[in-house]
Amino acid sequence: MLANLRSYTSTETKMIEVVASMARGPVFLAGELMECLITFTNPMSHLSTSASSEMLAWASAQIHCQFHASESRVALPAHGNKQDVQAESDTVLIPSRGERGQCVLDTPPKILFCDLCLDPGESKTYSYSEVVPIDGPPSFRGQAVKYVYKLTIGCQRVNSPIKLLRVPFRVLVLQGMPEPPFPQDEEVSPSNPFLEEEEVSRRDARPLERALDMLMITTSRRCPHMFNITNMRGKVAKFCIFKTVYRLGEDIIGTFNFSEGDIPCLQYSVSLQSEEEIQQQYQRRPGQAVSVTGHGRHVESCLHTASSHFSLPIPLNVTPGFSTDIVTLRWRLHFEFVTAREPMEPPTVLQNQSEVTVWAGAEHVDVDTFSWDLPIKVLPTNPALASYVSQFTGTNSIHI
């Protein structure tokens, strides 16, 4: 029994550790260059009695996007029986093997190495870089549809099954911008031949800088929008919002002026909501309702108040508005108002009154309620900023 235990331990320790780490965090803009360092290590010390060199036949990496839809809400056309089984002796990498849903986007695989031999205690690191496809959907986890991005590293020992290491990451897509975020024209300005490496690194970062500059310009434009809030009985208030285009992480600020209203407002609430709508040809039922998700709410009592304001932050971990052939995501502010049917006189305080005056609210008030939706546009933000709140770490590992 001791011999069997010794044999089992020796077999278990003969493993190669594979660690993948994304250099700049787990969030990227579509069209941005993603870089990942992949380290292969033979953890056995050369002083160990069972230490030996380890051999890997090959390793490759590629990006893929997995799509999953709720069967109760989305009716997808049949694509036939897609083969998703990989034989143990197969040397073709299928990045979506074992994943739910359909692979809607993948990049060509890049070979990291062939026939890698690692001596005890030795490790080797390979750099993988790939442009995140600009024509793909953003990362999204909705009520009916999900788009999930992963970097898959496949590696295989000789005469052994393929092992897959997956590193999930988030993709932000710039949709609705005035011009393409990543222009393809070449730089024509003269370069310094003595600063070649600096010029190359600056040129690689330039598309991202252009996109972020354009994003900042678009979301920094302020143009106050004024709205008269009315119901069937008359004017309730005047509402002002300073802009309707925001980026992730920004605060939405609005003000109310009740002094110009004819109808007393008792309370108002403002909710930040996203609308997930399945395109008509993919709806499971005709006239299917839009899925609404709340991301923050502000409630204010405003009786006898001349003015009021609210501030709603846009979370960094939500998905900006986008549209694909299957689903459209929009954003809006949802307002709800509670108004009195009859005029309500404010409390009066006599001058030079020595005693304390206590004012009690009315026990019964006839009220009306109504709601209003204001569409807004939500755009991405700097991916480095979004990385701070990402559920992904950008690092993963396996033993093979």
Side-chain angles (χ1 to χ4, degrees), residues 26-31 34 62-86 93-109 130 132-152 154 164 166-176 248 272-295 314-332 334 373 375 377-380 386 390-392 396:
V27 183
F28 301 89
L29 278 177
M34 184 189 75
Q62 67 184 117
I63 295 172
H64 70 102
C65 176
Q66 206 71 13
F67 166 75
H68 177 70
S70 170
E71 295 183 358
S72 62
R73 303 186 184 191
V74 183
L76 296 177
H79 291 282
N81 295 326
K82 186 177 179 181
Q83 191 71 13
D84 193 30
V85 178
Q86 187 163 355
L93 173 62
I94 303 177
S96 59
R97 174 167 59 95
E99 296 277 270
R100 297 180 61 190
Q102 303 174 9
C103 181
V104 295
L105 179 148
D106 58 355
T107 60
E130 182 64 84
V132 179
I134 198 170
D135 54 349
S139 298
F140 176 60
R141 290 182 176 271
Q143 298 185 32
V145 168
K146 294 180 181 179
Y147 292 103
V148 181
Y149 279 84
K150 294 181 182 180
L151 169 63
T152 298
L164 300 179
R166 293 190 174 100
V167 186
F169 62 97
R170 182 184 178 193
V171 173
L172 301 174
V173 175
L174 284 168
Q175 287 191 357
L248 299 182
L272 176 62
Q273 298 178 342
S274 61
E275 300 176 299
E276 178 186 355
E277 182 178 11
I278 304 300
Q279 305 293 6
Q280 185 175 359
Q281 63 269 31
Y282 294 107
Q283 292 181 3
R284 178 64 66 178
R285 298 175 301 277
Q288 187 169 300
V290 175
S291 300
V292 178
T293 303
H295 302 276
I314 303 176
L316 283 168
N317 59 350
V318 300
T319 302
F322 73 96
S323 181
T324 67
D325 294 340
I326 297 176
V327 64
T328 296
L329 184 72
R330 294 183 295 266
W331 286 86
R332 71 184 187 186
H334 179 72
D373 293 326
K377 183 179 290 186
V378 177
L379 299 177
S390 175
Q391 60 177 328
F392 306 129
N396 210 346

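- Around CD of Q281, the count of heavy atoms belonging to other residues, nucleotides or ligands within 6.0 Å exceeds 12.
- For R330, the side chain to side chain contact (heavy atoms under 4.5 Å, CB included) test picks out E275, E277, T328, with sequence neighbours left out.
- When the side-chain hydrogen bond (donor to acceptor under 3.5 Å, both in side chains) test is applied to T107, no partner is found at least two apart in sequence or on another chain.
- Y282 meets the ring-ring contact (aromatic ring centres under 6.0 Å, His included) test with no other residue; sequence neighbours excluded.
- Taking the ring-ring contact (aromatic ring centres under 6.0 Å, His included) definition, one finds that F140 meets it with F322, sequence neighbours left out.
- In plain terms, the two heavy atoms of L174 and L29 that are nearest each other are CG-CD2, 4.3 Å.
- Legend: residues meeting salt bridge (Lys or Arg N to Asp or Glu O under 4.0 Å) with R170, ordered by chain and number and at least two apart, are absent.
- L151 has its side chain out of reach of N396: every pair of non-hydrogen atoms, C-beta onward, lies at least 4.5 Å apart.
- Legend: residues meeting salt bridge (Lys or Arg N to Asp or Glu O under 4.0 Å) with E276, ordered by chain and number and at least two apart, are absent.
- The structure places CG of L272 at 12.0 Å from NE2 of H334, a figure rounded to the nearest 0.5 Å.
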Could you check T319 against Y147 for side-chain hydrogen bond (donor to acceptor under 3.5 Å, both in side chains), going step by step and ending with a plain yes or no?
-> CA-CA 11 Å; T319 302; Y147 292 103; over 6 Å; no

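- For S291, the side-chain hydrogen bond (donor to acceptor under 3.5 Å, both in side chains) partners at least two apart in sequence or on another chain are R73.
- Residues V173 and A30 approach most closely at CG2-CB, 3.9 Å, considering heavy atoms.
- Remark: K150 engages E99 in a salt bridge (Lys or Arg N to Asp or Glu O under 4.0 Å) (not counting sequence neighbours).
- For S274, the side-chain hydrogen bond (donor to acceptor under 3.5 Å, both in side chains) test picks out H295, with sequence neighbours left out.
- The distance from the CG atom of D106 to the CD1 atom of I63 is 10.0 Å, given to the nearest 0.5 Å.
- In this structure, CD on Q143 lies 9.5 Å from OG on S70, to the nearest 0.5 angstrom.
- The two atoms that bring V74 and A69 nearest to each other are CB-CB, 3.8 Å, heavy atoms only.
- Considering only heavy atoms from C-beta on, R332 comes within 4.5 Å of V292 through its side chain.
- Using a 4.5 Å heavy-atom threshold, the side chains of P137 and C65 count as touching.
- Every residue two or more places apart in sequence or in another chain was checked for a side-chain hydrogen bond (donor to acceptor under 3.5 Å, both in side chains) with Y149, and none qualifies.
- For V132, the side chain to side chain contact (heavy atoms under 4.5 Å, CB included) criterion is met by F28, M34, V171, not counting sequence neighbours.
- Side-chain contact between S323 and Q279: present, with at least one pair of heavy atoms (C-beta onward) separated by less than 4.5 Å.
- H64 is listed as a side-chain neighbour of T152, based on a closest heavy-atom distance under 4.5 Å.
- Remark: D135 pairs with L105, P133 by the side chain to side chain contact (heavy atoms under 4.5 Å, CB included) rule, at least two apart or across chains.
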